[in-house]
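Some notes on the structure that comes next.
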Amino acid sequence: MDKLLIEGGTPLAGEIAISGAKNAALPILCASLLSSEPLHLSNVPRLKDISTMLRLLEQMGVAVEDLGADGLLLNSRGLDNPLAPYDMVKTMRASILVLGPLLARHGEARVSLPGGCAIGARPVEQHIRGLQAMGAEVLVEHGYIQARAQGKGGLTGARIVTDMVTVTGTENLMMAAVLAKGETIIENAAREPEVVDLANCLVSMGAQIAGAGTAKIRIQGVERLHGARHAIMADRIETGTYLCAAAATGGNIRLTNTSAANLDAVIDKLFDTGCELLIERTAITLQAPPRLKAVSIRTAPYPAFPTDMQAQFMAVNCVAEGSAVIRETIFENRFMHAVELIRLGADIKIDASNAMVTGVGHLDGATVMATDLRASASLVIAGLVAQGETLIERIYHLDRGYERIEEKLGQLGARVRRIG
Ligand code: EPU
C-alpha cells in the first residue's frame, strides 16, 4: 500500500491549477444514464472515485470514451444491466447515485445498500422515501435495494420534503424527477454548488429545473433528454485544502482555474486567522501572516462551513495562536484525524461533536494513519508543517479525491514523496 513521505517545514509558494470537482463529477457521470444520446464532459478530475464510477457505468452497458485532455464521452444507448453490485458500492458510497437515473430511464434498478462508513452511519432512507413518493416500489432485501417504477407510465412527480439536508439524496431525486410524469418539488433540498452544477448539466440535456441552489427545487418532467456538453465546476474542497495548507505553512500561493464564489465560509475564516487573500474571477491568492490566529468553526450544510473542510481547518488551528472550538454537526464520527494529529504533537480535546484545539508552537513528524479522504488531507497539511519526516500510511484515501497531489504540492515547493 502506498505511503506518503513528507519532509515538513517549507512554506508553500507558487501557483497551481485546481481540478474539476469530484462531488460534482460523480453525479454528473450518473446523469449520462438518463439519455440514449452521448454526454461529453470536460474538466473531469482523474481520481480513483471517478474510475470506480466509470467501471460501474461500463458494467451496466454505458460506453465510455476517454478523449484525453478533451474529457470523457459517455453513451448509455446500450444500457442493459441496471445493477450496482456490492463489490463496487462498498468501495464508493456515491454509487447510490445510479439509483434515481436507472429507475427513471430503465424502470428498474438493483443497487447494493451502502454499508457503514468511517465518518458515520450514512443511511440512504431519504433517497428511498423520495423515490417511493414518486411511485417506485422499493424492496430492501439481501443487502440490495430493488426498485421498480410501477405501471407502464414510469415515475410520477411528487412533493418531497426531506427530513434533513442531503446532498446525494437531493441529486438522486432530482435525476429521477427529470423524466417523471408531471411536476416534482423537492423541499429542504441541498443548496450545495455541486447540486447546481448537476442541475445545469441536466438542463443542457433538456431537463426543466428551477430553483437549484435554493431549498426548493421544482422539476417539470420531460419525455426524454438529449445529448449535451458540460464542463465540471472547479473543486471547492481541493481549493480550500490548498489554501489551508498554505496558511498553516506560512506560505504564499496562487490557485488558478477556481472560484471563491462557492467558498465564502472558508475564505471568511481564513481572513479571521490573519491571512491576506486576493480574489480574482478565476483565481485566489493567499499570503499567510507570521503567526495564525485560532478560529472556531461549526460545520453545517451549504452555504455554512463545509464538513469536507473541517479536518483541514483543524490542522490550521493546531499551529495557530490561541484556542478554537471545532463543532461537527453533519457526521457523527468525523474526528478520526484528531488522534493522529495528536501523535504529531497537537493539543486537541474531543468532547462528543466538539473538538477544542489549542495551538502549539510546532508539530513533530511521525508515522500516522489516514482514515478517510479529508482526514488524510489534514494529515498532509500537518506533515507539511511538522519538523522532520511524517509518513502517512493508507494514502489510497487521498487518491480518491485529490488529483496528482504529490505533483501539485511539489510544484508549490513541498518535499513530498510517494513510496510503495
Ligand atoms: N442522511 C441520513 N439519511 C439519508 C441521507 C443522509 O440520515 O438518507 C444523513 C447523513 O448520515 C449525514 C447527513 O444526512 O449525517 C448529510 O449527509 P449527505 O446525504 O448530505 O451526505 P452525502 O450526500 O452522502 C455528500 C458528499 C460528502 C460530503 C457530504 C456533506 C458526495 C459524493 N459526497 O455526501 O463528501 O461530506 O455530502 O456535505 O457528494 C467527501 O468528499 O469527502 C465527502 C464525504
Side-chain angles (χ1 to χ4, degrees), residues 19-31 45 47-50 52-53 56 89 91-100 111 113-133 138 140 145 160-175 186 188-198 215 232-233 235-241 262-263 265-266 299-312 328-334 336-337 353 370-378 396-403:
S19 303
K22 167 180 84 81
N23 289 349
L26 290 171
I28 289 172
L29 290 174
C30 297
L47 300 167
K48 190 78 191 26
D49 272 9
I50 299 296
T52 305
M53 185 62 90
L56 174 60
V89 179
T91 62
M92 189 185 61
R93 302 179 57 83
S95 311
I96 189 75
L97 284 163
V98 299
L99 181 61
V111 177
L113 201 58
C117 171
I119 61 177
R122 305 182 74 180
V124 291
E125 84 289 350
Q126 300 300 311
H127 304 229
I128 294 175
R129 260 195 37 200
L131 293 171
Q132 283 171 327
V138 184
V140 181
I145 304 168
I160 300 162
V161 186
T162 56
D163 287 353
M164 77 287 294
V165 176
T166 156
V167 177
T168 50
T170 303
E171 293 165 344
N172 233 339
L173 298 176
M174 189 161 72
M175 287 193 277
I186 308 174
N188 199 24
R191 291 178 285 167
E192 268 65 5
E194 292 76 12
V195 173
V196 179
D197 205 33
L198 169 64
I232 307 289
M233 64 178 281
D235 197 315
R236 65 192 169 103
I237 305 301
E238 188 196 21
T239 304
T241 300
N262 298 320
L263 210 59
V266 174
T299 66
Y302 190 84
F305 194 95
T307 174
D308 288 347
M309 281 301 304
Q310 178 257 107
Q312 301 89 314
E328 172 60 50
T329 76
I330 306 288
F331 292 111
E332 64 273 22
N333 193 27
R334 215 177 194 180
M336 304 236 289
H337 43 284
S353 58
T371 47
D372 74 78
L373 172 56
R374 310 304 171 186
S376 317
S378 89
Y396 57 86
H397 290 292
L398 267 181
D399 296 330
R400 297 184 50 190
Y402 290 93
E403 192 177 37

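For the numbers below, each heavy atom of this structure counts, side chains included, while hydrogens, waters and symmetry mates do not. Owing to the predicted nature of the structure, the values given are computational and were not obtained by experimental measurement. Each ligand, and each atom within it, is numbered from 1 in the order the structure gives.
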(message) Under a 3.5 Å cutoff, is there a donor and acceptor pairing between the side chains of T162 and Q126?
(response)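 Short answer, no.
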Would you mind checking which non-hydrogen protein atom is closest to [atom], with the distance to 0.1 Å?
{"atom": "atom 24 (O) of ligand 1", "value": "R122 NH2, 3.0 Å"}
{"atom": "atom 26 (C) of ligand 1", "value": "N23 ND2, 3.6 Å"}
{"atom": "atom 44 (C) of ligand 1", "value": "R334 NH2, 3.5 Å"}
{"atom": "atom 19 (O) of ligand 1", "value": "T166 OG1, 2.7 Å"}
{"atom": "atom 15 (O) of ligand 1", "value": "I330 O, 2.6 Å"}
{"atom": "atom 1 (N) of ligand 1", "value": "M164 SD, 3.7 Å"}
{"atom": "atom 20 (O) of ligand 1", "value": "V167 N, 2.8 Å"}
{"atom": "atom 36 (O) of ligand 1", "value": "D308 OD1, 2.6 Å"}

Quick check: does [X] get an N/O under 3.5 Å from an N/O on ligand 1?
{"X": "P123", "result": "yes"}
{"X": "A94", "result": "no"}
{"X": "E192", "result": "no"}

Using atom types as modelled and distance alone, determine if a side-chain donor or acceptor of [X] lies under 3.5 Å from a backbone N or O of [Y].
{"X": "N172", "Y": "G100", "result": "yes"}
{"X": "N333", "Y": "A118", "result": "yes"}
{"X": "T170", "Y": "A190", "result": "yes"}
{"X": "Q310", "Y": "T299", "result": "no"}
{"X": "E332", "Y": "E328", "result": "no"}
{"X": "R129", "Y": "V161", "result": "yes"}
{"X": "D197", "Y": "M233", "result": "yes"}

Which of the ligand 1 atoms, numbered from 1, are nearer than 4.0 Å to a heavy atom of [X]:
{"X": "T168", "result": "22 (P), 23 (O), 24 (O), 31 (C), 32 (C), 39 (O)"}
{"X": "L373", "result": "42 (O)"}
{"X": "V124", "result": "4 (C), 8 (O)"}
{"X": "T307", "result": "30 (C), 36 (O), 38 (O)"}

I'd like to know whether ligand 1 has [X] as a neighbour, heavy-atom separation below 4.0 Å.
{"X": "K22", "result": "yes"}
{"X": "M92", "result": "no"}
{"X": "V165", "result": "yes"}

(request) Assess whether salt bridge (Lys or Arg N to Asp or Glu O under 4.0 Å) is satisfied between R93 and D49, documenting all intermediate values. (result) CA-CA 10 Å; R93 302 179 57 83; D49 272 9; over 6 Å; no
(message) Can you tell me which portion of M309 lies within the under-4.0 Å heavy-atom range of ligand 1? Options are side chain, backbone, both, or neither.
(response)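 For M309, no heavy atom sits under 4.0 Å from ligand 1.
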(request) Identify the two heavy atoms, one from I232 and one from A25, that lie closest to each other, and give their separation to 0.1 Å. (result)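 The pair with the smallest heavy-atom distance is CD1-CA, 3.8 Å.
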(request) Measure the spacing between CZ of R374 and OG1 of T307 and express it to the nearest 0.5 Å. (result)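 R374 atom CZ to T307 atom OG1 measures 9.5 Å (nearest 0.5 Å).
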